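Order of the sequence lines fixes the chain letters, A, B, ..., with proteins taken first and strands second; residue numbering starts at 1 for each chain. Bear in mind the structure is a predicted one, so any value in this text is a computation, not a measurement.
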Amino acid sequence: MEMEFIPIDYDYFDYEGRNYVKVYGRNKEYKKICIIDSCPIYLWAILKDGVTEKLTKELVKEIETIKLDTKGRKTKVEKVEIHEKNFLGKKVKALKIFATNHKDLQDVASQIDSPLVDKRRGYDLNYVTTYIIEKKLYPLTWYKIFGELLHNSNEFGGMDQILNVDFVIKLNRKKIEKKQENFVPKTLAYDLETDSLKPENGEILMFSLVGKNYKKVVSWKKSKTDNKNVVFVENEKELLKKFVELVKEYSPDFLIGYNSDHFDLPFLKERAKKNKIKLPLGIDNSDPKISRGKTLAGKISGITHIDLIKFIRTAYAQYMQSETLSLNEVSKEFLNDAKKDFKIKHSSKIEEKSWKNYYEYNLHDSVLTLKLFEKFWPDLLEFTKIIKEPTFEISRNGLSKQIESYLLHNLEKYNEIPEKRPTNNEIGFRQNSGGVEGAFVYEPKPGLYKELVMFDFTSMHTSIIISYNISKGTLTTNKKNSYESPEIEKDGIKKKYYFAKEPGFFPLLLKEIFEKRKQYKKEYKKNPNVITKARSNAFKVLSASAHGYIGFYGARYYSLESSSAILAFVRQFNKETIEKIEKKKHKVIYGDTDSVAFTRNESSKKEIKKLLKKLNDDLPGVMHLELEDFFKRGLWVTTRSGKIGAKKKYALISENDIIKIRGFETVRRDWCPLARKTQDKILRLILIEGNEKKALEYVKEIINKIKTREIKKEELMIKSQLKKPIAEYKAISPTVVAAKKMKEKGIPVNVGSPIEYYIAEYNGKSKLVRDKIKLPDEKNKYNIEYYLEKQMLPSVENIFQVFNINIKEITEGKKQEKLGKWF
DNA sequence: AACTCCAGCCACTT
DNA sequence: TGCAAGTGGCTGGAGTT
């Protein structure tokens with residue numbers, strides 16, 4: 001039979017010792033389809049140089065005899081082929097060794113220990129990845145498929161009878177559909193409310209499900225409500241059964257939660273266990289699987305379970321204003337909507353009349369989650385299509401994994417054998433090999449400047465990699481016909497690295513990404529919509545992560561030499577650009593990595609653009625310097641020590657009155673809102689009006705309010721985050737103390753949890769800040785001295801210093817030295 | 001007890 | 001394990017006077 005088909009979720013199973021893939025998806029009538037298929041399973045043995053044909057043939061014969069009988073499986077080498085391949089850009093002769101079961105490839109590889117074999121590769125890819133590479137059945141792409149309908153068939157042990165889908169098809173062949181129609185997936189968001197954050201301590205009170213024209217809250221805590229979407233069951237056990245029943249009935253492609261890998265799905269699973277029932281959510285009636293690891297991932301067979309927080313974290317967090325990734329803040333930023341007001345309490349303490357609000361609250365969380373999914377769906381779709389991994393992985397992978405997947409799915413064009421993942425030993429070695437010298441930061445000259453210009457390099461690291469053909473594979477000792485890096489000093493030894501001019505697959509692939517980035521950016525500008533934006537953004541993210549990937553210890557194509565060469569070029573180009581601009585008699589104020597800011601000294605904008613063009617004419621390859629903007633004013637301050645200009649800290653106002661504040665306390669979460677807002681205000685007064693006097697008056701006013709206790713406590717909360725488990729801290733900082741306090745009160749504290757506290761008055765002798773910490777709900781008077789000395793003054797002091805105003809003297813009175821001065 | 005110095009830490013910028 | 005290095009500036013603790 002033939003049918004249209006769009007692959008969504010990939011899974012695999014073993015049948016009679018062989019591997020098969022189940023690909024779940026839809027046809028155009030929205031019927032749920034599962035395709036069963038398989039692909040060749042093999043690894044590569046790269047032969048040493050100059051192995052004769054005779055020896056090769058003998059080796060092939062030897063390898064063909066390999067048989068394994070481990071882990072209850074019988075695997076053997078089924079055939080061996082001889083191929084001309086590339087490995088890291090070099091031509092090699094390699095044996096393609098086909099085996100019975102993918103899970104045994106590693107063991108087969110370790111059986112091949114002939115001295116003729118240089119390296120063994122390609123045994124460490126996921127089976128699903130291998131399948132997609134081999135069969136080119138790409139996720140979220142429309143196909144016409146041809147195959148055999150399995151209906152009450154005995155094939156694969158009667159698989160088709162277990163699967164809750166409309167059609168099970170054994171795939172024969174497929175072709176890509178010319179017209180790639182938009183696919184709107186069937187989505188369902190869910191959220192739980194529980195009596196505890198730990199499944200061992202509390203029951204699930206209710207859950208909500210929200211899909212298109214579908215809203216439901218199910219609870220066993222019966223109370224009056226007008227909301228017709230709320231239904232009741234008898235107890236938690238029935239609630240769990242209802243969850244499974246409703247999800248199955250709805251049959252979503254994507255089941256979406258927020259933080260659900262860590263909370264909702266494991267909670268459901270644990271409570272099912274407690275109630276001694278199964279949770280057969282899978283299309284094959286299997287229970288969800290929570291994979292262990294540093295980060296949990298909840299997988300449901302046949303339904304793509306998405307934990308949105310993860311995708312937002314990797315793909316979006318860097319561009320976001322929100323200070324945490326809580327559902328509430330993220331919804332505010334992206335949806336202009338927020339969670340419903342409801343103070344969560346233990347169910348025993350919830351008043352009868354409040355339950356209806358709790359139901360609403362629960363429902364709205366799923367509404368927000370679904371809306372966020374819809375917001376990010378274009379991005380998930382484009383990332384999936386570009387990288388060619390299932391959305392399940394795409395939504396959870398970090399940046400390095402994304403770029404690596406892109407590489408693996410594109411190696412074939414270059415006839416490349418994939419490099420292996422580093423072993424734990426190699427990772428350890430890489431981590432201990434020390435860092436490389438990073439970029440150059442120009443020490444700014446503190447002051448308020450007028451008529452500024454900023455230039456910056458477009459995708460600097462990436463364009464350097466492309467222009468100088470830098471990568472693990474192109475690194476060479478041959479100085480002829482090579483690009484030479486600037487001199488690099490490490491451990492007192494000076495050296496240069498060389499990279500062959502013959503283009504390598506890594507820089508070429510990166511060039512492809514780089515050019516697509518440009519192309520889709522143009523397309524987006526010409527035709528702005530969510531899809532063109534998402535496509536442009538996906539290539540931007542991939543392009544920007546390339547250098548980080550090369551220097552990442554877990555990368556297959558890690559190269560310390562490449563990374564240090566790239567950064568040496570970065571320093572060189574920045575310094576050269578600064579010199580060239582100075583030669584034109586402009587005063588350079590600041591520069592960091594890929595940017596230069598200077599005053600234009602009455603030069604016209606036209607002249608500046610001419611200068612830019614001239615600078616660009618001298619640049620090699622795809623390197624490009626662009627005009628970031630013209631700025632009316634810009635402010636740089638000294639460091640706290642007061643002598644030198646502070647790097648990574650400045651404020652600018654463009655000619656269109658757009659204010660850009662970098663590094664100042666204003667943008668730092670670990671300063672209290674009062675200090676941040678006051679600093680922001682005075683920066684604005686200075687930038688917009690150039691009026692430091694008005695700014696001074698404003699600060700005096702605030703200082704008075706602090707002294708007279710007119711400041712609201714919310715304005716004084718200091719936020720921070722735990723970056724590791726409490727026990728691992730060597731230093732007992734205020735954050736750690738606050739976290740411990742929270743824990744004592746039964747508030748769960750995990751890595752990444754936001755910690756919030758304020759500094760209170762204290763009668764004891766201690767001078768330590770940590771002894772004065774109060775949590776937001778602990779009543780006390782705020783510590784006037786602390787907020788003046790450690791928050792307010794430090795945040796504005798250096799700004800006024802630029803105008804030769806000593807704020808400390810003004811507010812304290814010149815001669816007072818002791819702290820009594822404030823009263 | 002009061003000081004200096006810096007490790008440890010977090011949140012930034014690029 | 002899950003992209004990099006450079007920077008500012010706080011806090012607490014060790015060491016010194």
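Not a single donor-acceptor contact under 3.5 angstrom links the side-chain atoms of A:Arg669 to the base of B:dA11. Between the side chain of A:Lys648 and the base of B:dT13, at least one donor-acceptor pair of N or O atoms lies under 3.5 Å.
Relative to the six-membered ring of A:Phe440, A:Lys575 meets both conditions, a distance below 6.0 Å and an angle of at most 45° to the axis.
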Check the pair A:Glu437 / A:Arg571 against side-chain contact (heavy atoms from CB on, under 4.5 Å), numbers first and verdict last.
CA-CA 10 Å; A:Glu437 187 185 343; A:Arg571 292 189 294 273; 3.5 Å; yes

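OP1 or OP2 of C:dT11 has not a single side-chain nitrogen or oxygen of A:Arg770 nearer than 4.0 Å. Using a 4.0 Å cut-off, no side-chain N or O of A:Lys719 falls inside it from OP1 or OP2 of B:dA11. An OP1 or OP2 oxygen of C:dT11 is reached within less than 4.0 angstrom by a side-chain nitrogen or oxygen of A:Tyr786.
Along DNA chain C, the nucleotide closest to A:Gly548 and the one closest to A:Ala439 are compared, and the more 5′ of them pairs with A:Gly548.
For A:Ile732, taking side-chain heavy atoms from C-beta onward, the closest of the listed nucleotides C:dG13, B:dC10, C:dC3 is C:dG13. Here the nucleotide nearest the side chain of A:Arg662, chosen from C:dT11, B:dT13, C:dG2, is B:dT13.
At a threshold of 4.5 Å between non-hydrogen side-chain atoms, the residues A:Glu665 and A:Lys649 count as touching.
A:Ser562 and A:Ser471 share no side-chain donor-acceptor pair at under 3.5 Å.
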